[in-house]
Amino acid sequence: MVMTDKTFTGIPLTDLAGPLGADVCGAMSEAKRFLDNRDTSQLLGLIGETIEDLAVGKPVDKAVMQKSFGGGRVAQTDDLLAGRGVFYITEQGKLFLDCTAGHYQMSWGYDHPVLTRIVHDGLAAGIVPDNHSNIPQWPVKRLAQRLIEAANPDCPELGRGDFSKVMKSRTRLNTALLGIATGSVACEAALKIMLMHHERTRKSGPAIFVVLDGNYHGTGFFSQNLRGMWKPFIRNMKVVAVQPNDGRQLEQVFARYGEQITGFWAEPIMMNREAILVETEYLQLARKLTRRVGALMTVDEIQTGFWTPEVFMYRQYGITPDIVIVGKGMSAGLHPLSGIIYRRELDVMAQYDAISTNGNAALAALVALANIELLQRNAVQVVEAQEYYYHRLCGLAAEFSGRIAAVHGNRSMTGLKFHKVEDALTFHKRCVAGGLWLRVHAYHAGHSTILCKFALCLERAVVDEFIRRLRIFLEAGE
Ligand SMILES: Cc1ncc(COP(=O)(O)O)c(C=O)c1O
């Protein structure tokens with residue numbers, strides 16, 4: 001029997017209004033049409049405006065949702081209605097410029113035409129969204145190969161499908177685990193490998209992890225311990241936090257704990273700590289020190305991966321970590337998929353040591369493959385736009401040096417560090433009221449930074465308008 005939409009119920013599901021409700025659904029399609037029918041310059045002119053006649057206009061009840069996510073009360077909500085590229089319209093009809101690529105994961109912005117088409121084509125061609133991990137469909141296996149290719153750019157034979165030399169190597173990243181859905185599980189998996197390595201190499205005493213102060217490696221129990229949580233409940237694991245880019249301190253820590261150190265963790269751009277860029281010399285030093293004491297080095301690329309044509313940002317550092325973690329932008333926000341890439345020697349986990357039902361997701365893997373292709377084909381434009389943005393932001397910061405202390409980050413992942421916390425908070429409020437969706441880091445002592453991570457479809461015209469608007473808000477004073 002071939003199933004139709006009448007199978008089982010006899011009632012065809014004709015449109016989205018059934019499961020979603022007619023009013024919200026109507027507004028959503030209208031908002032999408034509105035965005036689709038306008039070009040970038042028209043939308044830039046409408047940032048912060050309310051588009052009449054689109055709004056749902058009545059509260060969409062969030063009462064049953066968790067309080068820490070804005071739930072727990074009935075009030076006029078103004079969440080996302082529909083988006084396109086770097087723009088989105090809220091439920092109340094306000095047009096925003098999304099300076100964060102969704103939650104830092106929609107690498108190509110909202111509804112990228114190629115990725116959306118690839119999803120439709122993939123489904124039509126028989127690619128399944130997600131199936132049992134034991135029988136992964138071809139896109140997952142192909143993605144594993146593409147990741148290994150990206151990690152070994154000096155091996156042209158990989159592009160011809162010959163992985164034999166890389167597989168024999170003891171030093172190369174040649175193994176990909178894609179059975180995990182979220183970055184948090186990927187980070188936990190990397191930690192488990194490190195702990196198993198610790199046991200295997202019979203390091204004495206507790207497992208010592210050297211981490212960067214202010215790190216974020218997800219919401220797993222052990223990875224939260226890397227940022228100081230759950231301390232009383234965890235034994236035999238010691239976390240030593242060091243200040244990013246302080247080479248002397250790193251040397252002292254390695255001199256003190258030496259071969260007791262199990263591993264070192266870093267994110268190239270610390271998106272949970274004011275977008276601090278970890279410098280090349282620092283990561284090179286960390287690589288040297290970890291090798292010297294037999295510790296593993298993990299680079300968490302959940303934020304930085306798939307944001308540069310090299311795919312992995314660690315490649316800009318001239319180092320090879322032992323474990324690289326990817327997630328978020330890998331599947332451009334279309335469906336969660338995460339992974340870790342490591343040397344074969346570290347392939348020590350059993351299947352159920354690190355697995356998610358929604359890992360090994362074929363449709364997400366297809367999107368990831370398309371994402372890599374888009375990145376590489378558009379490499380010149382992507383880098384040009386990202387560097388233009390960074391350059392313009394630095395120029396603006398220099399103009400307002402009395403209020404802005406520094407520009408953190410690199411390319412399109414930036415932090416605009418204010419001298420004063422209150423100033424950053426007020427500035428953030430002004431930006432959001434004016435239709436610029438960006439984030440502020442001001443909830444930890446000393447944090448006073450506006451965070452942006454623009455999608456890869458960033459254009460010069462968008463950068464110019466963004467900077468023009470920031471300047472107006474800065475000129476308005478503190
Ligand atoms: C650097 C880093 N590591 C790990 C994670 C956790 O990923 P996920 O939210 O997919 O569990 C995040 C998420 O923001 C992240 O930024």
Side-chain angles (χ1 to χ4, degrees), residues 66 68-69 100-107 130 177-194 209 211-229 239 241 244 263-278 283 297-308 311-314 317 321 323-342 354-361 364-365 367-368 371 408-410 412-415 438-441 443-444 447 449 451-453 455:
Q66 192 193 1
S68 59
F69 285 85
T100 69
H103 188 105
Y104 307 133
Q105 89 274 36
M106 286 193 199
S107 22
D130 214 344
L177 167 64
L178 286 171
I180 31 196
T182 69
S184 297
V185 180
C187 289
E188 293 283 302
L191 268 168
K192 287 171 202 165
I193 290 182
M194 288 166 121
F209 291 97
V211 300
L212 302 183
D213 192 19
N215 68 74
Y216 183 87
H217 299 294
T219 52
F221 190 67
F222 290 107
S223 44
Q224 287 188 331
N225 185 244
L226 298 185
R227 57 190 155 104
M229 294 170 73
V239 175
F264 170 85
W265 281 72
E267 310 155 62
I269 298 180
M270 301 182 70
M271 288 302 275
N272 198 49
R273 183 169 170 194
E274 302 186 290
I276 291 176
L277 172 72
V278 180
L283 274 196
M297 177 182 204
T298 290
V299 174
D300 180 346
E301 292 247 17
I302 286 177
Q303 287 282 1
T304 46
F306 297 82
W307 234 265
T308 59
V311 180
F312 309 115
M313 188 168 163
Y314 82 78
Y317 290 86
I323 304 174
V324 179
I325 310 178
V326 286
K328 256 192 201 313
M330 177 160 76
S331 47
L334 273 117
H335 180 294
L337 183 64
S338 300
I340 56 176
I341 302 150
Y342 47 92
I355 191 169
S356 310
T357 302
N358 304 110
N360 274 345
V367 175
N371 186 2
H408 291 171
N410 151 342
S412 66
M413 291 172 68
T414 54
L438 35 71
R439 310 292 289 159
V440 62
H441 270 182
Y443 42 85
H444 284 305
H447 285 194
T449 295
L451 240 68
C452 292
K453 180 176 174 181

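Sequence positions, counted from 1, serve as the residue numbers for this chain. We count ligands from 1, going down the list as the structure has it; atoms in each ligand are counted the same way.
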Q: For atom 16 (O) of ligand 1, which protein heavy atom lies nearest, and how many Å away is it?
A: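 Protein heavy atom at minimum distance: Gln303 NE2, 3.1 Å.
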Q: Is Thr100 reaching over with its side chain to a backbone N or O of Lys453, donor-acceptor style, under 3.5 angstrom?
A: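 Checked: no pair found.
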Q: Roughly how far, to the nearest 0.5 Å, is the CG atom of Asn410 from the OG1 atom of Thr304?
A: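 Taking OG1 in Thr304 and CG in Asn410, the distance rounds to 9.5 Å.
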Q: Does any N/O atom on His103 come nearer than 3.5 Å to any N/O atom on ligand 1?
A: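 So ligand 1 has no N or O lying under 3.5 Å from an N or O of His103.
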Q: Distance under 4.0 Å to a non-hydrogen atom of Glu267: what atoms of ligand 1 satisfy this?
A: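 Result: 1 (C).
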Q: Is there a donor-acceptor pair under 3.5 Å between the side chain of His103 and the backbone N or O of Gly333?
A: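 Checked: no pair found.
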Q: Quick one: look at Tyr104 and ligand 1, take heavy-atom pairs under 4.0 Å, and tell me if it's side chain, backbone, both or neither.
A: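 For Tyr104, no heavy atom sits under 4.0 Å from ligand 1.
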Q: Going by the angle between their ring planes, with limits at 30° and 60°, are Tyr314 and Phe312 parallel, tilted or perpendicular?
A: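 Taking Phe312 first and then Tyr314, their aromatic rings lie parallel (interplane angle under 30°).
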Q: Below 4.0 angstrom from a heavy atom of Ser184, which ligand 1 atoms are there? Numbered from 1 as shown, please.
A: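 Within the 4.0 Å cut-off of Ser184, ligand 1 contributes 6 (C), 7 (O), 8 (P), 11 (O).
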Q: Distance check, rounded to the nearest 0.5 Å: Asn272 atom CG versus Leu212 atom CG?
A: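 The distance works out to 12.0 Å.
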Q: Give the atom numbers and elements of ligand 1 that come within less than 4.0 Å of a heavy atom of Lys328.
A: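 Listed by number with element: 13 (C), 14 (O), 16 (O).
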Q: Is Gly183 close to ligand 1, meaning an N/O of one under 3.5 Å from an N/O of the other?
A: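 Such a contact does occur with ligand 1.
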Q: Can you measure from CD (Glu301) to CD1 (Ile323) and round to the nearest 0.5 angstrom?
A: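 Answer for the CD-CD1 pair, Glu301 versus Ile323, is 13.5 Å.
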Q: Check each atom of ligand 1 against the heavy atoms of Ile302 and keep those under 4.0 Å away; list them by number with element.
A: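 Result: 2 (C), 3 (N), 4 (C), 5 (C), 12 (C), 15 (C).
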Q: Could you tell me whether Thr219 and ligand 1 have an N or O pair separated by under 3.5 Å?
A: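 In fact, backbone or side chain, Thr219 has no N or O that close.
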Q: Kindly compute the distance separating NE2 (His408) from CG (Leu277), expressed to the nearest 0.5 Å.
A: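 Between atom NE2 of His408 and atom CG of Leu277 there are 9.5 Å.
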Q: Which part of His217 is near ligand 1, with near meaning a heavy atom under 4.0 Å away: side chain, backbone, both or neither?
A: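 The part of His217 near ligand 1 is the backbone, not the side chain.
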